[in-house]
Amino acid sequence: MLDRIHLLAAVTVLGVLEQAYFFLQVIYARRAFGISPPKISGPPEFERVFRAQVNSSEYFPIFLALLWQAGLFFHQGLAAALGLLYLYARYCYFMGYRASSSERLAPIYFSTGVLWILVAASALGILHFFLSHYMELNVLQLLTA
């Protein structure tokens, strides 16, 4: 069983570490600009770091659910590779947003595209499972025949 999930688990841990890094960046920005919790407004430089972290946190559960579904039902290696691409795009998004709000656009579009590919892989994998498990219809076998 573990050989079916080890790559997904590794990408999950990397994602958690990335989220922790983003959280730390907000703490450092709070200290640098003298903004104590629960305040969330301040200079634009602080607000961009804060928004980048919040936006990344909002998408993280969606990413995790899709990563694991695509990995379990479609292909672990492909899902893990897409997961790494997503995490890299999110890092670029965070760094870009931190520098300027316009610098966030290309990475957010790319990461959204990766999420849509994970959606497609998840849906195809789950559909294949239902068809083969409940209807005894093996689509892959039909396609190769």
For Q19 and S56, what are the C-alpha separation, side-chain angles and deciding distance, and is it a side chain to side chain donor-acceptor pair (under 3.5 Å)? CA-CA 8 Å; Q19 290 297 307; S56 295; 5.0 Å; no
Sub-4.5 Å side-chain heavy-atom contact between [X] and [Y]:
X: F73; Y: L127; answer: no
X: Y59; Y: L115; answer: yes
X: F94; Y: V49; answer: yes
X: L131; Y: E136; answer: no

Side chain to side chain contact (heavy atoms under 4.5 Å, CB included) partner of V114, chosen from L66, V119, L82: L82
Relative to each other, are the rings of Y21 and Y91 parallel, tilted or perpendicular (30° and 60° limits)? tilted
Once you measure the plane-to-plane angle for F60 and F63, does it fall in the parallel (<30°), tilted (30-60°) or perpendicular (>60°) bin? tilted
Do the side chain of [X] and the main chain of [Y] share a donor and acceptor less than 3.5 angstrom apart?
X: E47; Y: G42; result: yes
X: R4; Y: Q76; result: no
X: R51; Y: R48; result: no

Between [X] and [Y], which heavy-atom pair has the shortest distance, and what is it?
X: P107; Y: R104; value: CD-O, 3.4 Å
X: L118; Y: A70; value: CD2-CB, 3.8 Å
X: A89; Y: S111; value: CB-CB, 3.7 Å

Single-linkage hydrophobic cluster L85~Y93, side-chain heavy atoms < 4.5 angstrom: no
Same apolar cluster (I L V M F W Y, side chains within < 4.5 Å links), F46/F22: yes
Whether over 12 other heavy atoms sit under 6.0 Å from [X] [atom1]:
X: Y109; atom1: OH; value: no
X: I40; atom1: CD1; value: no
X: E58; atom1: CD; value: yes

[atom1]/[X] to [atom2]/[Y] distance, rounded to the nearest 0.5 angstrom?
X: L17; Y: L87; atom1: CG; atom2: CG; value: 10.0 Å
X: Y86; Y: L14; atom1: OH; atom2: CG; value: 14.0 Å
X: Y88; Y: E18; atom1: OH; atom2: CD; value: 11.5 Å
X: L72; Y: L8; atom1: CG; atom2: CG; value: 6.0 Å
X: S100; Y: M95; atom1: OG; atom2: CE; value: 14.5 Å
X: L7; Y: T12; atom1: CG; atom2: OG1; value: 10.5 Å

What donor-acceptor contacts under 3.5 angstrom involve side-chain atoms of residues 23-36, with partners at least two apart or in another chain?
residue	atom	partner	partner atom	Å
Q25	OE1	R98	NH1	3.1
R30	NH1	I35	O	3.3
R30	NH1	K39	O	2.8
R30	NH2	K39	O	3.0

For N55 and Y97: C-alpha separation, side-chain torsions, deciding distance, then whether side chain to side chain donor-acceptor pair (under 3.5 Å) applies. CA-CA 11 Å; N55 290 347; Y97 204 168; 4.7 Å; no
